[in-house]
Protein chains: 2
Amino acid sequence: MYSRNRIYVTPAEQKRIHNFHILLAGAGLGSVIAECALRLGFNHITIIDGDVVEKSNLNRQNYTVDDIGKPKAEALKNRLLSINPHAKINAHHCYLDYDNIPHFVSNVNVAINAIDFDSDIPFVFDYMCESLNIPALHPYNLGWGACVFVVTDKSKNLSHISHNPQDFELKFASYVVEHLTAQGNDMQHFNQCMQAYKNEEQKLPPPQLAVASWIAAGLCADILFRLAIGKQVKLFPDFYFKTL
Amino acid sequence: MYSRNRIYVTPAEQKRIHNFHILLAGAGLGSVIAECALRLGFNHITIIDGDVVEKSNLNRQNYTVDDIGKPKAEALKNRLLSINPHAKINAHHCYLDYDNIPHFVSNVNVAINAIDFDSDIPFVFDYMCESLNIPALHPYNLGWGACVFVVTDKSKNLSHISHNPQDFELKFASYVVEHLTAQGNDMQHFNQCMQAYKNEEQKLPPPQLAVASWIAAGLCADILFRLAIGKQVKLFPDFYFKTL
């Protein structure tokens with residue numbers, strides 16, 4: 001299966017990522033990341049998500065019409081096993097909370113924090129990862145652009161942006177835009193979209209596109225690889241952002 | 001299905017891409033691009049590929065273990081219909097040649113030239129697209145980085161790199177590296193990989209990773225969108241290249 005990885009990935013590196021245990025906290029954007037990482041060679045993935053698949057997920061997440069109504073964790077496990085039946089995939093249809101985070105975070109090598117910001121759980125999750133010296137990737141779907149930042153015991157953590165999880169995604173997006181603008185990027189279109197989102201009468205989840213999901217998946221698979229083989233990655237408050 | 005595309009994609013744009021007919025010439029890297037484009041809202045895709053799925057494709061292409069031995073065009077059609085059963089997907093299990101290119105290229109709005117460079121067919125394909133004023137996207141998997149360039153009647157064409165399709169992928173990679181190096185990018189690792197590939201005793205197809213496939217898919221879906229709604233894109237000899 002990995003014969004075409006040759007040259008880019010040495011046999012020792014391939015073996016290393018095979019056993020490198022990924023904790024996927026959130027199988028929304030995480031569902032696309034997991035498939036890319038699996039195809040690269042990560043064979044040990046634990047998936048946690050309490051949601052079921054909805055039709056409105058299909059514009060950007062790794063699910064099919066037959067998956068609608070099923071737990072995301074189970075549906076994603078089935079998809080990953082259809083690609084590699086020998087992979088070690090654990091699926092848990094539950095939400096992360098104060099009680100179960102310590103259990104799930106122990107014994108993994110790296111975590112992907114793709115949890116919705118509707119409580120302080122993403123903060124608690126990172127805190128527990130940090131205390132166990134487990135790097136946590138934060139991928140974000142910003143429509144036409146993908147953003148990823150990495151939190152470790154040597155980096156800043158989420159409270160660098162805000163101590164309050166309320167409206168955290170908007171605060172985070174503002175942080176990213178501010179930094180990219182300072183670096184000379186033209187963020188006018190993204191600013192307009194963010195303003196339109198803030199102006200919506202109904203409080204809806206933010207819009208997200210397949211474009212950013214796919215780019216984020218490629219970036220995260222690369223970051224996971226670098227972390228597994230001990231190569232350096234940018235740490236938060238620095239971050240990765242890619243768009244066309 | 002597209003409710004979460006709101007703001008980034010207007011209703012008129014969503015309708016426009018729904019009917020914008022994509023010709024997918026080659027369902028290798030093309031298989032990942034097609035899914036991303038479909039989830040964004042492209043609903044009319046014609047797939048041409050004469051290959052069957054092999055196990056060695058699974059490290060980076062959009063197939064499963066059950067697909068092994070089946071025609072790629074059919075397997076991809078099934079995957080796309082599982083995501084959107086109402087999409088208009090045509091699958092043709094055949095190779096493109098001088099005789100059938102004019103037929104397939106007529107009546108499409110945009111083409112993705114993801115054909116293997118083992119003959120002059122990619123050149124003929126572009127020539128026919130150009131004569132019918134159809135933009136052709138060229139996506140390339142460069143391992144950890146994805147490259148896409150767009151050929152139209154107003155751009156340069158493939159012969160700008162070489163008139164000879166032999167070893168075209170290597171010539172193309174050299175072209176890309178030269179330009180990225182001139183722009184100040186550190187291409188040392190990629191150069192080492194390219195050298196290692198040239199030094200291989202057996203003449204094998206080039207190594208390719210899931211990372212670049214996923215990034216290329218995001219980039220191509222965005223380019224397809226821009227072409228469909230009449231927004232400007234970079235034209236060859238300029239190109240898009242993204243890596244971590």
Side-chain angles (χ1 to χ4, degrees), chain A residues 1-9 32-33 35-41 55-61 63-66 79 81-85 143-144 146 148 192-193 196-197 200 204-219 221-223 225-226 233 240 242-244, chain B residues 1-9 32-33 35-41 55-61 63-66 79 81-85 143-144 146 148 192-193 196-197 200 204-219 221-223 225-226 233 240 242-244:
Chain A
M1 176 169 171
Y2 305 114
S3 59
R4 291 291 290 276
N5 282 6
R6 72 182 202 285
I7 298 176
Y8 291 122
V9 181
V32 186
I33 297 167
E35 177 167 334
C36 188
L38 179 86
R39 292 193 189 272
L40 186 62
K55 191 175 180 186
S56 63
N57 302 142
L58 300 191
N59 78 319
R60 70 201 187 282
Q61 296 178 11
Y63 301 107
T64 66
V65 167
D66 279 351
R79 170 70 180 165
L81 289 177
S82 77
I83 296 160
N84 186 346
W144 302 106
V148 188
Q192 286 167 353
C193 290
Y197 174 59
E200 284 185 322
L204 296 168
Q208 297 180 334
L209 301 177
V211 168
S213 297
W214 261 247
I215 296 173
L219 301 180
D222 195 342
I223 294 169
F225 180 84
R226 284 169 189 243
V233 298
Y240 297 97
K242 300 286 167 180
T243 188
L244 186 63
Chain B
M1 176 167 173
Y2 304 114
S3 59
R4 291 291 290 276
N5 281 5
R6 72 184 202 286
I7 298 177
Y8 290 123
V9 181
V32 186
I33 297 166
E35 178 167 333
C36 188
L38 180 86
R39 292 194 190 270
L40 186 62
K55 191 175 180 184
S56 63
N57 303 142
L58 300 192
N59 77 321
R60 69 200 187 282
Q61 296 177 13
Y63 300 107
T64 67
V65 166
D66 278 351
R79 170 71 180 164
L81 289 178
S82 77
I83 296 161
N84 186 346
W144 303 106
V148 187
Q192 286 167 350
C193 291
Y197 173 58
E200 285 186 319
L204 297 167
Q208 297 180 335
L209 301 177
V211 168
S213 296
W214 260 248
I215 296 174
L219 301 181
D222 194 344
I223 295 169
F225 179 84
R226 285 168 189 245
V233 298
Y240 297 97
K242 300 287 166 179
T243 188
L244 188 63

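Below, chains carry the letters A, B, ... as their sequence lines are ordered, and counting in each starts from 1.
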Pick one of side chain, backbone, both or neither for Ser56(B), based on which atoms fall under 4.5 Å of a heavy atom in chain A.
-> both
From Arg60(B) CZ over to Leu40(A) CG, what is the distance, rounded to the nearest 0.5 angstrom?
-> 12.5 Å
Parallel, tilted or perpendicular: ring planes of Trp144(B) versus Tyr8(A), cut at 30 and 60 degrees = perpendicular
Among Pro85(B), Pro207(B), Gly218(B), Pro206(B), which has the most heavy-atom pairs under 4.5 Å with chain A?
-> Pro207(B)
Residue selection (most heavy-atom pairs with chain A, distance under 4.5 Å) from Val148(B), Leu219(B), Thr243(B), Asn5(B) | Asn5(B)
Let me know if Tyr197(A) has heavy atoms under 4.5 Å from chain B in its side chain, its backbone, both or neither.
-> both
Under 4.5 Å to a heavy atom of chain A? For Lys55(B) that would be both
Specify the closest pair of heavy atoms between Trp214(B) and Ala217(A), including all atoms of both residues, with the distance to one decimal.
-> CD1-CB, 3.5 Å
Applying a strict 4.5 Å limit to non-hydrogen atoms, the region of Tyr63(A) in contact with chain B is backbone
Largest heavy-atom contact set with chain B, pairs under 4.5 Å, which of Thr64(A), Val65(A), Asp222(A) = Asp222(A)
Ile223(A), part contacting chain B, at a heavy-atom distance under 4.5 Å | both
Where does Leu204(A) contact chain B at under 4.5 Å (heavy atoms): side chain, backbone, both or neither?
-> both
Using a cut-off of under 4.5 Å for heavy-atom pairs, which of Val211(B), Ile83(B), Leu244(B), Ile215(B) has the most such pairs with chain A?
-> Leu244(B)
Between Lys242(B), Arg79(B), Glu200(B), Glu35(B), which shows the greatest number of heavy-atom pairs under 4.5 Å with chain A?
-> Arg79(B)
Chain A: which of Val233(B), Leu209(B), Leu38(B) shares the most heavy-atom pairs with it under 4.5 Å?
-> Leu209(B)
What part of Val9(A) is in contact with chain B, defined as an atom under 4.5 angstrom from a non-hydrogen atom: side chain, backbone, both or neither?
-> side chain
Side chain / backbone / both / neither for Gln61(A) at chain B, heavy atoms under 4.5 Å = backbone
Within the side chain of Asn84(A), is there an N or O that forms a donor-acceptor pair under 3.5 Å with the backbone of Leu58(B)?
-> no
Of Ala221(B), Ala210(B), Ser82(B), the largest count of non-hydrogen pairs under 4.5 angstrom with chain A goes to Ser82(B)
What distance separates Arg6(A) CZ from Ser3(A) OG, expressed to the nearest 0.5 Å?
-> 7.5 Å
At what distance, to the nearest 0.5 angstrom, does OH of Tyr2(A) lie from CZ of Arg39(A)?
-> 10.0 Å
